[in-house]
**Q** 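Structure incoming, see below.
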Amino acid sequence: MGDTNGRVVAGGNATGNRLDQLNGPIDVLIDKETNSLIICDSRNRRVVRWSRRSGTTQGEIFIDNISCWGLAMDDQRYLYISDTDKHEVRRYQIEDKNGTIVAGGNGKGAGLNQLNIPTYIFIDQQQTVYVSDRGNHHVMKWNKGEKEGIVAAGGQGDGNALTQLSSPTGLFVDTLGTIYVADFGNHRVMRWPKGAKQGTVIVGGNGKGEGANQLYDPIGLSFDTHNNLYVVDCNNSRVQRFSIE
C-alpha cells in the first residue's frame with residue numbers, strides 16, 4: 001500500500017511462451033499453501049504456477065492446451081478453471097491434470113446446463129460455482145453436484161436496463177450471496193442481491209470515459225477486507241479503488 005512503483009513477480013521478459021515469459025495473463029490467484037502464484041496465461045493456452053520465493057526466474061506449466069480465462073480456489077484447495085473453448089468450468093485437485101466438470105460442459109448454448117464463453121468465476125464456502133456467462137449476458141450459479149445452473153443475475157438478454165447485463169466479466173460474491181459483477185459492455189459495476197430480479201449500479205454507469213465516475217470496459221474486480229472495491233478499468237489502463245457502503 002502506498003507504493004508508487006510495483007515490482008515484477010512473474011514474467012517481465014517480453015511476450016513469449018518460454019517458461020520465463022507470459023502472453024496475455026488474464027487472471028491470477030495466490031496459493032498460500034505453496035507460496036506460489038497460479039496464472040491463467042491465456043494466449044499461451046496454459047495455466048502456470050510461479051513460486052513467490054526470491055530467486056525464482058521461471059514458472060512451471062500446471063495445465064497445457066486450455067483456453068483458460070477465470071481461476072478460483074476453494075477452502076479445500078481445489079482449483080477451478082473456466083474454459084472459453086469448451087464452455088465449461090472444471091475443478092482440479094492441485095496435482096490432477098484432468099479435472100471434473102462442475103458447470104457447463106454440454107457445448108455452447110443458453111440452456112441451464114450450458115455456458116457460452118464463461119469468463120471469471122467465484123466459489124463460495126459451499127463450493128457453489130458462480131460464473132460470468134459472457135456470451136449469454138448473465139451470471140450463472142451452480143450448486144455443488146447439480147447438472148444445471150440457475151440464472152443469478154441478468155438473463156434478460158444483452159442490454160443496459162437494471163435487469164440486464166452486457167458481456168459480464170469480473171465477479172465477487174459476499175457471504176450474504178450478493179453478487180458484484182463487472183458489466184463490461186455497459187461500463188459499470190452492478191450489485192445484485194440474492195434472489196433479486198434486478199441489480200443496482202454501484203460504480204460507473206455514466207457512459208464510457210475516463211472521468212472519476214466513469215469506467216471504460218471494466219473487466220476484473222476484487223474486494224479487500226475494508227470493503228474497498230478494486231476495478232480493473234481495462235481501456236483506461238488503470239485500476240480504480242472505490243469505497244463501498
Side-chain angles (χ1 to χ4, degrees), residues 1-6 9 26-32 37-38 40 52 69-77 80 82 119-134 138-142 150-154 160 162-245:
M1 274 305 261
D3 280 356
T4 51
N5 293 303
V9 292
I26 199 165
D27 204 5
V28 59
L29 57 80
I30 296 173
D31 180 10
K32 292 177 182 168
L37 302 173
I38 298 174
C40 170
R52 298 173 75 205
W69 189 310
L71 302 169
M73 189 175 276
D74 69 19
D75 295 345
Q76 271 88 59
R77 288 187 69 238
Y80 298 75
S82 64
T119 59
Y120 291 104
I121 49 183
F122 186 92
I123 314 301
D124 71 11
Q125 290 179 317
Q126 286 73 47
Q127 294 182 322
T128 306
V129 179
Y130 294 83
V131 54
S132 283
D133 193 10
R134 186 173 186 172
H138 57 211
V139 175
M140 293 291 285
K141 173 184 176 181
W142 292 64
I150 302 159
V151 178
N160 62 6
L162 293 179
T163 56
Q164 294 176 304
L165 298 169
S166 179
S167 300
T169 51
L171 191 60
F172 183 89
V173 184
D174 70 16
T175 52
L176 298 174
T178 305
I179 294 168
Y180 297 80
V181 57
D183 192 8
F184 181 90
N186 288 320
H187 315 290
R188 65 191 184 185
V189 176
M190 301 277 291
R191 174 166 54 199
W192 219 285
K194 184 177 182 179
K197 296 297 181 201
Q198 68 177 44
T200 54
V201 179
I202 58 168
V203 171
N206 299 301
K208 68 183 177 189
E210 55 187 41
N213 68 341
Q214 292 179 303
L215 300 168
Y216 188 176
D217 292 347
I219 196 164
L221 56 80
S222 184
F223 277 90
D224 66 15
T225 52
H226 303 293
N227 278 351
N228 291 309
L229 171 66
Y230 297 80
V231 181
V232 180
D233 192 8
C234 183
N235 273 328
N236 281 323
S237 304
R238 65 189 182 185
V239 176
Q240 293 214 68
R241 183 178 70 199
F242 301 89
S243 181
I244 302 297
E245 295 303 323

**Q** Among residues at least two apart in sequence or on other chains, which ones pass salt bridge (charged side-chain N to carboxylate O under 4.0 Å, His left out) with Asp233?
**A**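 With sequence neighbours excluded, Asp233 shows a salt bridge (charged side-chain N to carboxylate O under 4.0 Å, His left out) to Arg238, given in chain and number order.
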**Q** Could you work out, with side chain to side chain contact (heavy atoms under 4.5 Å, CB included) as the rule, every residue matching Asp224, not counting sequence neighbours?
**A**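 Checked Asp224 against side chain to side chain contact (heavy atoms under 4.5 Å, CB included); matches are His226, Asn228, Tyr230.
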**Q** Kindly write out the residues that satisfy ring-ring contact (aromatic ring centres under 6.0 Å, His included) with His187, not counting sequence neighbours, or none if the list is empty.
**A**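 Once residues adjacent in sequence are excluded, the partners of His187 under the ring-ring contact (aromatic ring centres under 6.0 Å, His included) criterion are Tyr216.
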**Q** State, to 0.1 Å, how close Phe122 and Val173 come at their nearest heavy-atom pair, and which atoms those are.
**A**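 Minimum heavy-atom contact is CZ-O, 3.1 Å.
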**Q** Side-chain polar contacts of residues 163-170 - donor-acceptor pairs under 3.5 angstrom, sequence neighbours left out - could you list them?
**A**
{"from": "Gln164", "atom 1": "OE1", "to": "Asn160", "atom 2": "N", "distance (Å)": "3.4"}
{"from": "Gln164", "atom 1": "OE1", "to": "Ala161", "atom 2": "N", "distance (Å)": "3.2"}
{"from": "Gln164", "atom 1": "NE2", "to": "Gln156", "atom 2": "O", "distance (Å)": "2.9"}
{"from": "Ser166", "atom 1": "OG", "to": "Asp158", "atom 2": "OD1", "distance (Å)": "2.8"}
{"from": "Thr169", "atom 1": "OG1", "to": "Pro218", "atom 2": "O", "distance (Å)": "3.4"}
{"from": "Thr169", "atom 1": "OG1", "to": "Ile219", "atom 2": "O", "distance (Å)": "3.0"}

**Q** Taking only residues two or more places apart in sequence, or in another chain, which ones meet Asp27 in a side chain to side chain contact (heavy atoms under 4.5 Å, CB included)?
**A**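 Applying side chain to side chain contact (heavy atoms under 4.5 Å, CB included) to Asp27 gives Cys40, Leu71, Tyr120.
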**Q** Considering residues at least two apart in sequence or located in another chain, which fulfil the side-chain hydrogen bond (donor to acceptor under 3.5 Å, both in side chains) criterion with Tyr180?
**A**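 Testing Tyr180 for side-chain hydrogen bond (donor to acceptor under 3.5 Å, both in side chains), a comparison that skips the adjacent residues, returns none.
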**Q** List the steps, then state whether side-chain contact (heavy atoms from CB on, under 4.5 Å) holds for Met140 with Val151.
**A** CA-CA 5 Å; Met140 293 291 285; Val151 178; 3.7 Å; yes
**Q** Measure across Ile121 and Gly70 and return the closest heavy-atom pair with its distance rounded to 0.1 Å.
**A**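 Where Ile121 meets Gly70 most closely, the heavy atoms are CD1-O, 3.7 Å.
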**Q** Within the structure provided, determine whether Leu229 and Phe172 are in side-chain contact (heavy-atom separation under 4.5 Å).
**A**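 A side-chain contact under 4.5 Å is absent here.
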**Q** Holding to side-chain hydrogen bond (donor to acceptor under 3.5 Å, both in side chains), I want the full list of residues that pass it with Gln214, two or more places apart in sequence or in another chain.
**A**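 Gln214 satisfies side-chain hydrogen bond (donor to acceptor under 3.5 Å, both in side chains) with no residue once adjacent residues are dropped.
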**Q** Going by the rule side chain to side chain contact (heavy atoms under 4.5 Å, CB included), which residues pair with Thr128 if we only count those two or more places apart in sequence or in a different chain?
**A**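 Result, side chain to side chain contact (heavy atoms under 4.5 Å, CB included) vs Thr128: Asp124, Gln126, Tyr130, Lys141, Asn143.
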**Q** Just how far is it from atom CG of Leu215 to atom CG of Asn235, taken to the nearest 0.5 Å?
**A**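 If I round to the nearest 0.5 Å, the distance is 11.5 Å.
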**Q** For Arg52, give me all partners under side chain to side chain contact (heavy atoms under 4.5 Å, CB included), at least two apart in sequence or on another chain.
**A**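 Side chain to side chain contact (heavy atoms under 4.5 Å, CB included) check on Arg52 returns Ile30, Asn35, Leu37.
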**Q** Under the 3.5 angstrom rule, does the side chain of Thr119 hit a backbone N or O of Ser132 as a donor-acceptor pair?
**A**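 Yes; judged by distance alone, with no hydrogens or angles, the pair exists.
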**Q** Quick one: salt bridge (charged side-chain N to carboxylate O under 4.0 Å, His left out) partners of Asp31, sequence neighbours excluded?
**A**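 With neighbours one apart ignored, the set is Arg77.
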**Q** Taking salt bridge (charged side-chain N to carboxylate O under 4.0 Å, His left out) as the definition, give me every residue that meets it alongside Arg188, ordered by chain and number, with sequence neighbours left out.
**A**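 Salt bridge (charged side-chain N to carboxylate O under 4.0 Å, His left out) check on Arg188 returns Asp183.
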**Q** In a table with atom names and distances, give each donor-acceptor pair under 3.5 Å that connects a side chain of residues 189-208 to protein atoms at least two apart or in another chain.
**A**
{"from": "Trp192", "atom 1": "NE1", "to": "Ala196", "atom 2": "O", "distance (Å)": "3.1"}
{"from": "Asn206", "atom 1": "ND2", "to": "Gly204", "atom 2": "O", "distance (Å)": "3.4"}
{"from": "Asn206", "atom 1": "ND2", "to": "Asn213", "atom 2": "O", "distance (Å)": "2.8"}

**Q** Mind checking the CD1-OG spacing from Ile26 to Ser82? Nearest 0.5 Å is all I need.
**A**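 Between atom CD1 of Ile26 and atom OG of Ser82 there are 9.0 Å.
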**Q** So, do Ile123 and Val129 sit near enough that their side-chain heavy atoms are less than 4.5 Å apart?
**A**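 Answer yes - side chains close enough.
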